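Everything below concerns the one structure shown next.
Computed from a prediction, not measured in an experiment: that's the story for all the values here. Residue numbers start from 1 in every chain, and the chains themselves are labelled A, B, ... in the order their sequence lines are given, proteins ahead of strands.
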Amino acid sequence: MTQEEIRSLFSSIGDVESCKLIRDKVTGQSLGYGFVNYHRPEDAEKAINTLNGLRLQNKTIKVSFARPSSEAIKGANLYVSGLPKNMAQQDLENLFSPYGRIITSRILCDNITGVGFIRFDQRIEAERAIQELNGTIPKGSTEPITVKFANNPSNNNKALPPLAAYLTPQAARRFGGPIHHPTGRFRYSPLAGDLLANSMLPGNAMNGSGWCIFVYNLAPETEENVLWQLFGPFGAVQSVKVIRDLQTNKCKGFGFVTMTNYDEAVVAIQSLNGYTLGNRVLQVSFKTNKSKTT
DNA sequence: TACGATT
């Protein structure tokens with residue numbers, strides 16, 4: 001939404017004195033919020049009553065009185081991960097509300113990811129929430145949550161690098177379509193059996209409606225389509241994720257693929273573990289609970 | 001960078 005579209009929308013309520021869309025200082029991308037000043041206070045109130053919650057371009061806009069600008073309210077936005085899959089937005093607010101006044105809250109992707117956001121009124125409230133809640137296990141859950149300051153929503157998805165040399169020549173020629181898997185290209189390693197046996201503990205790989213597969217040794221330039229192409233031929237793929245460094249936007253060397261059916265996941269793992277993609281030998285297994293800190 | 005997730 002442009003600044004002019006905002007002005008137009010809010011002018012339908014009353015006389016707008018000024019209007020500002022806030023953009024990222026570096027990229028110029030909209031940060032998703034802005035400010036409108038009305039000449040008459042009653043128009044501001046009317047705008048809130050009329051426009052708050054309006055569905056617009058697949059977004060629900062929020063309209064409220066602006067808080068006074070101050071340093072104290074900056075950097076008060078938190079990123080929360082490891083939330084229980086059944087946690088609702090209200091549960092999230094209840095968890096954080098003891099630490100301050102919540103301005104906005106959100107849970108991503110209808111609770112599938114376990115990731116959410118909390119914006120407090122004051123940064124000091126956010127800091128306190130991190131101290132008190134990071135690493136704690138919410139009541140009724142079994143997993144500790146991570147609470148940290150959120151990154152800026154823009155800044156990230158700029159200039160995606162093109163598919164490049166990490167594809168095999170065969171795959172490169174077929175760019176745009178699925179990767180064909182010629183018979184005999186995959187290693188059916190006897191080691192794969194052990195790998196599977198050690199990874200079948202439920203709660204790790206099994207993820208709600210699917211089986212989560214860990215893929216290691218991806219090239220820095222890897223994009224999601226590579227994972228779709230690799231795993232798609234083996235059956236129903238629900239989602240893929242390439243894990244990237246926030247700063248460089250390069251793949252950190254691993255990713256995840258969630259497949260619906262256990263049998264197909266097993267065949268995919270057996271087939272793709274040890275598979276040479278580009279000049280890298282992939283390691284593919286069911287996801288475990290390993291993490292950086294343990 | 002050897003088991004995540006960024007509105």
Side-chain angles (χ1 to χ4, degrees), chain A residues 1 22 24 27 29-34 56-62 75-85 87 89 92-93 96 102-120 126 130 134 143-158 195-196 198-208 210-224 227 238-258 265 269 273-274 280-294:
Chain A
M1 194 171 192
I22 305 304
D24 184 278
T27 67
Q29 290 296 299
S30 163
L31 289 179
Y33 67 95
L56 217 58
Q57 302 168 9
N58 297 323
K59 304 266 197 182
T60 301
I61 65 169
K62 186 179 174 198
N77 195 24
L78 297 179
Y79 168 90
V80 188
S81 64
L83 294 168
K85 306 297 183 230
M87 182 172 262
Q89 186 178 356
L92 184 68
E93 289 205 8
F96 281 81
I102 293 169
I103 301 300
T104 58
S105 69
R106 171 155 312 178
I107 287 191
L108 238 48
C109 302
D110 298 320
N111 289 355
I112 306 302
T113 60
V115 172
F117 294 87
I118 291 280
R119 181 183 293 281
F120 278 107
I130 291 175
N134 184 40
E143 194 190 347
I145 59 172
T146 298
V147 184
K148 54 193 193 183
F149 286 112
N151 296 121
N152 202 303
S154 80
N155 256 5
N156 297 326
N157 35 0
K158 50 173 194 276
L195 217 120
L196 290 176
N198 287 331
S199 314
M200 287 195 296
L201 310 168
N204 297 336
M206 193 158 76
N207 168 345
W211 297 87
C212 191
I213 297 168
F214 174 63
V215 185
Y216 178 71
N217 210 17
L218 298 171
E221 299 79 14
T222 305
E223 292 181 39
E224 267 72 9
L227 293 178
Q238 291 179 359
S239 65
V240 305
K241 186 77 190 174
V242 171
I243 305 305
R244 295 185 171 86
D245 180 278
L246 228 41
Q247 267 69 46
T248 65
N249 221 26
K250 299 286 189 190
C251 175
K252 289 161 88 166
F254 63 96
F256 297 92
V257 175
T258 300
I269 291 169
N273 185 42
R280 292 163 172 265
V281 179
L282 299 184
Q283 292 177 37
V284 182
S285 64
F286 280 117
K287 180 188 185 307
T288 70
N289 278 341
K290 273 184 203 166
S291 80
K292 244 187 255 191
T293 52
T294 55

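- Nucleic acid contact class of A:N217 (heavy atoms, under 4.0 Å, all strands): none.
- Both thresholds, 5.5 Å between centres and 30° between ring planes, are not jointly met by A:F254 relative to the base of B:dG4, so the two rings are not stacked.
- If you take CD on A:Q89 and CD1 on A:I118, they are separated by 8.0 Å, rounding to the nearest 0.5 Å.
- Of the candidate nucleotides B:dT6, B:dC3, B:dA2, B:dC3 has the atom nearest to the side chain of A:F256.
- Nearest to the side chain of A:L246, among B:dT6, B:dA5, B:dG4, sits B:dT6.
- The NZ-P distance, from A:K252 to B:dT6, rounds to 11 Å in whole Å.
- Closest to the side chain of A:F214, from the set B:dT6, B:dC3, B:dG4, is B:dC3.
- When the C1' atom of B:dG4 is taken as reference, atom CG of A:L83 falls 14 Å away, rounded to whole Å.
- Spacing between atom CG of A:L218 and atom P of B:dC3 amounts to 13 Å, rounded to whole angstrom units.
- The nearest whole Å value for the distance from the CH2 atom in A:W211 to the P atom in B:dG4 is 19 Å.
- If you measure from atom CD of A:Q238 to atom P of B:dG4, you get 19 Å, rounded to the nearest angstrom.
- To the nearest angstrom, P of B:dA2 lies 16 Å from CG of A:L282.
- For an aromatic pair to be called close, the ring centres must be under 6.0 Å apart, and A:F117 with A:Y79 satisfies this.
- In this structure, A:V242 and A:E224 approach most closely via the heavy-atom pair N-OE2, 3.0 Å.
- A:K148 comes within 4.0 angstrom of a nucleotide base, judged by non-hydrogen atoms across all strands.
- Closest to the side chain of A:C212, from the set B:dG4, B:dT6, B:dT1, is B:dG4.
- Taking the six-membered ring for Trp, A:F214 and A:F256 have ring centres closer than 6.0 Å.
- For the pair A:T258 and A:T248, nearest-nucleotide mapping onto DNA chain B gives the more 5' position to A:T248.
- The separation between A:L227 atom CG and B:dG4 atom C1' is 13 Å, rounded to whole Å.
- For A:Y216, taking side-chain heavy atoms from C-beta onward, the closest of the listed nucleotides B:dA2, B:dC3, B:dT6 is B:dA2.
- The CZ-P distance, from A:F117 to B:dA5, rounds to 11 Å in whole Å.
- The CZ atom of A:F120 lies 5.0 Å from the CD1 atom of A:I102; values are rounded to the nearest 0.5 Å.
- Taking side-chain N and O atoms only, A:K241 has a distance below 4.0 Å to OP1 or OP2 of B:dT6.
- Closest approach to the A:S285 side chain among B:dC3, B:dT1, B:dA5 is made by B:dC3 (side chain taken as heavy atoms from C-beta onward).
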